[in-house]
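Bear in mind the structure is a predicted one, so any value in this text is a computation, not a measurement. We count residues from 1, following the sequence as given.
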Amino acid sequence: MTMPTSLRRGASAIAMGLALTAILPAAALAQDVDPAAADDSGAEDEIVVSGFRASLESAVGAKKQRDQVVESISAEDIGKLPDASIAESIARLPGLTSQRVSGRSNSISIRGFAPDFSTTLLNGREQTSTGDNRAVEYDQYPSEVINQVLVYKTPMASIVGQGLSGTVDLRTIRPLEYGKRVLSVGARGSLADIGKLNAGSKKYGYRVNGVFVDQFANDTIGVALSASYVDEPYQIQEFNAWGYAGDGTAAAPVVIGGSKSYATSTQLTRLGLQGTLQWQPHPNFTSTLDAFYSDFKDDQIKRGIELPLAFGGAGVNVTDIDESGEFVFARAGTFTNVEGVVRNDVFEREAKLYSFGWNNRWEGDDGWNVTADISLSKTDRNELILESNAGTGRGGGVGAVDTIGFTSDINGTVFSPTLNYGDYNLIQLTSPLGWGGDQTGVDGTRIRGGQDGYYNNRIIKDELWQYRVEVEREMEGFFRSVQFGMNYTDRSKSLVPDEAFVGLAANTDGLTSVPVPEEFRLGTTDLAYLGLGPVISYDPRDLLAAGIYQLVANPYGDVVVKSYDVSEKLMTTYLQANIDQEMGSSVLTGNVGVQAIFTDQNSNGASAAYIGVNPNGSPNIQGIPQRRSADYLDVLPSLNLSLRTLSDFVIRFSAAREIIRPRLDDMRASLSYGTTIGDPGGMVCPVGRQCAVVRGGAGNPDLRPWRANAADLTFEKYFGSKGYLAAQFFYKELKSYIYNQDVPFDFTGYPIQDPGLDADGDPIIVNYMGTVNVPINGAGGKLYGVELAGTLPFGELVGALDGFGVTGGASYTKTKIQPTPGAPAEDIPGYSKWVANGTIFFEKWGINARASARYRSSFVGELSGFGGARVRRRARAETIIDAQLGYDFQPGSALEGLSVFVQGQNLTDEPFVTDDPRDARAVIDYQSYGRRYLAGASFKF
């Protein structure tokens, strides 16, 4: 296998040493290997290893001792993970990577699977999500309050809530096990070098944090408290193409069909609080209470121009073509009669996440151990998308039109307009193309001559209770212990959409446009990077609050069926035997076990159909409430074996049955439908008559999980506690896969709009035996690959290089999965054939420096589409390069305990790019985030 040249080119931008595929490594629990423990030694000549090197040594020890295939990260010091975000740190682990959203890494792919295929725990407990599905978005969790992260790549019967591709467990400090008093405070500032793209936005940000740990009452009570506050901006330059028109011949070259491009500014604020109280009144009994709270707000403004080009009826004159690709591509030309739509859109997301857990454990002197745990995770989220339109006139063909030159290449399209879109006298609040036409709400309120925007507020609630009890019996012999446990999980998630058409209150005749009032004008936003120049700028929330805009509730059925309420009740029982047996000079450790998961899932929703018109002119939508349920059993055996030799060589083998539950939004009990005139739907239509069939779309409350059989084989060579090399082979055979398919459906008895009469005045014949497009379970496929990983401190090889080292990994994954039955195998979302991560570092005399590269080959990414719906597009390969330089003031100095650092992120300004699947020259998305620079300090008392 040959490493892609793009990885070598990207890595050379930082250092030739980064060509070694590597990763920010894992590190074990701070309580397992405490980097700060050396500080307690009074030996003057002892070499104290701390910071990043201690974190690496902790990682090596954790990987060596555990029986599963595990990767981990621990804090370099109290409240100090190796990266500014949890997702960035996790994305540097072997076989893992991330997708950037708004310039931030907030979702993780494990072994070529999308985030939907993994799960996330907090202190071993299942968590709700701020997204529409189950996948956790990691920017909800401040890195300062997380002390350690474990990534389980192979399952074990005693872990509840496991994923199919892997399980991420976020851990906070256990104060009694930490065993010391410490107070740490820190602060950092950030700079987005791309600048302030919108009026009112910022390029500077900050975050502050504090951690306190102590023990009281003769070390029988322990307290750990953490707090973090973030106020940071992110700026994005976005190009987006609707698509590309033309058949690719010389007579009709492929040309951009339309553009919707923005300058986007987002302000992220987040308050994170975490606390742990431990009580140990007896050496055998420990009670632990955990609490976590996150108040998260992402306030985003998007300003730009939507240009209907070849798809919008504009004339085109192509002046330059490129014939080197799959088709003849229009590189340059001119569009005429273009009616642009100036956009000022708001994306406002607020989420509050609560998590509580209470654990009680008795470890008996007679070998009997008992654990009881109860937890609650809850998320309340509002996600508002408010769109606002402006242009030269209402309804199309009324106002001034533009003649726009264009130049297209692999970086998108640059334009040269003749109109000034920053002129408040020319560009007014209106519906330039009359989108939506006249609309009447059920209450009689109206908009005329097209909608002037759209209001979409999505209200999501997610709640999860978990109850668990486990009994363990320690033994002598081949089995070290046996565990039996029961866990009950009760989860419910609901979505209620609040959608409305936006119209000008002054537009009572369907002809009126309104200039933006002086008091709401925010200057202009410069789209020079697209060649479009300035555009008028305002905040549509202010216009709505002032009564300039009015809302007309969207009464149509497609809004009704977006709503859902899904609940799950899972009873999980498990039995696990833990192995510890000497075999000659080697030792065999591991576990064998089985989980049985009894599932009862319920879904509430509705069907909805357009029946006609109410007397006041509003649409008559008839809905039928629907409630459906399903129950089933999954039995999941698992085996983990590790053979450990005296020469520090470890061979691991794992085999298991794995599942991941369906997307919650796919399980909605909703159905929308309508008639398709001219399509008989398989029925023989009488000669001379016109027929129609009823077709629809729905969720599927009967969905079963994705299921897979998996095997892992790893070979690991350790060099004491400081370094290792590993080769990890994995194989997954998906026995089931969830995909969408049209299935037969009998609509007899459902309210159907009368399709009316045909051209001869005869009633159109309706075929009620139609189809519904629905997610279903079907056959899967295979996914397999290899991961190479290692940590090499150069000082162990050459004394003169003490302090230098490299750590990292690379993975190659092959997929043979058919998401669509009968079609060729294709890439699943999140899949990259190549993933590589590398860090080269130096740490000595208080100086710490490191540079990191993270590469992933082309993949299918998920983006937010119209109305917040998810859209999948092919993303280009990318290489992200970061670097950090810091200094820790040494013991004995006046500033002992103080650490300072500077950090650069995305140093090569790597964009996020998606292409038309036919040809890379046809760019769909090109997003540039710029570089980010950070400087900060922390002080530990």
*What closest approach, in Å, do Ser265 and Gln235 show between heavy atoms, and which atom pair accounts for it?*
OG-OE1, 2.5 Å
*Under 6.0 Å between ring centres, would you say that holds for Tyr929 and Tyr234?*
no
*asked:* The criterion is salt bridge (Lys or Arg N to Asp or Glu O under 4.0 Å); which residues satisfy it with Asp409, sequence neighbours excluded?
replied: none
*Are the side chains of Arg270 and Glu232 in touch, meaning some heavy atoms are under 4.5 Å apart?*
no
*Report the residues that fulfil salt bridge (Lys or Arg N to Asp or Glu O under 4.0 Å) with Asp526, sequence neighbours left out, ordered by chain and then residue number.*
none
*Sub-4.5 Å side-chain heavy-atom contact between Tyr262 and Ile236*: no
_So if I apply the salt bridge (charged side-chain N to carboxylate O under 4.0 Å, His left out) rule between Arg458 and each of Glu499, Glu348, Glu350, Glu383, which one comes out positive?_
Glu383
*Between the side chain of Asp665 and the main-chain N/O of Asn133, is any donor-acceptor distance below 3.5 Å?*
no
*Could you check if a side-chain atom of Pro233 sits within less than 4.5 angstrom of a side-chain atom of Ser201, using non-hydrogen atoms only?*
no
*asked:* Do Arg921 and Ser408 make a side-chain contact, defined as non-hydrogen atoms from C-beta onward lying under 4.5 Å apart?
replied: no
*Of all pairs that satisfy salt bridge (charged side-chain N to carboxylate O under 4.0 Å, His left out), the ones with a partner from residues 306-316, not counting sequence neighbours*: Glu306-Arg343
*In terms of side-chain heavy atoms, does Thr914 have a donor or acceptor partner in Arg873 at a distance below 3.5 Å?*
no
*asked:* Within the structure provided, determine whether Leu419 and Tyr421 are in side-chain contact (heavy-atom separation under 4.5 Å).
replied: yes
*What residues form a salt bridge (Lys or Arg N to Asp or Glu O under 4.0 Å) with Glu910, not counting sequence neighbours?*
none
*Establish, yes or no, whether the cationic atom of Arg856 lies under 6.0 Å from the six-membered ring centre of Phe859 and within 45° of the ring axis.*
yes
*Should the pair Phe501 and Tyr556 be assigned to parallel (<30°), tilted (30 to 60°) or perpendicular (>60°) ring geometry?*
perpendicular
*Please confirm whether the backbone N or O of Ser388 pairs with a side-chain atom of Asn344, one donor and one acceptor, at under 3.5 Å?*
no
*Where the side chain of Arg303 meets the backbone of Ile536, is there a donor-acceptor pair that is under 3.5 Å apart?*
no
*Taking C-beta and beyond as the side chain, do Asn554 and Tyr454 meet within less than 4.5 Å on heavy atoms?*
yes
*Find out whether Thr319 and Asn317 are in side-chain contact, i.e. whether some heavy atom of one side chain is under 4.5 Å from a heavy atom of the other.*
yes
*Which pairs count as salt bridge (charged side-chain N to carboxylate O under 4.0 Å, His left out) when at least one residue sits in residues 391-405, sequence neighbours excluded?*
Arg394-Asp452
_Under a 3.5 Å distance rule, please check whether Ser261 uses its side chain to pair with a backbone N or O of Asn240 as donor and acceptor._
yes
*Got a sec, which residues hit side chain to side chain contact (heavy atoms under 4.5 Å, CB included) with Lys461, two or more places apart in sequence or on another chain?*
Asp380, Ser494
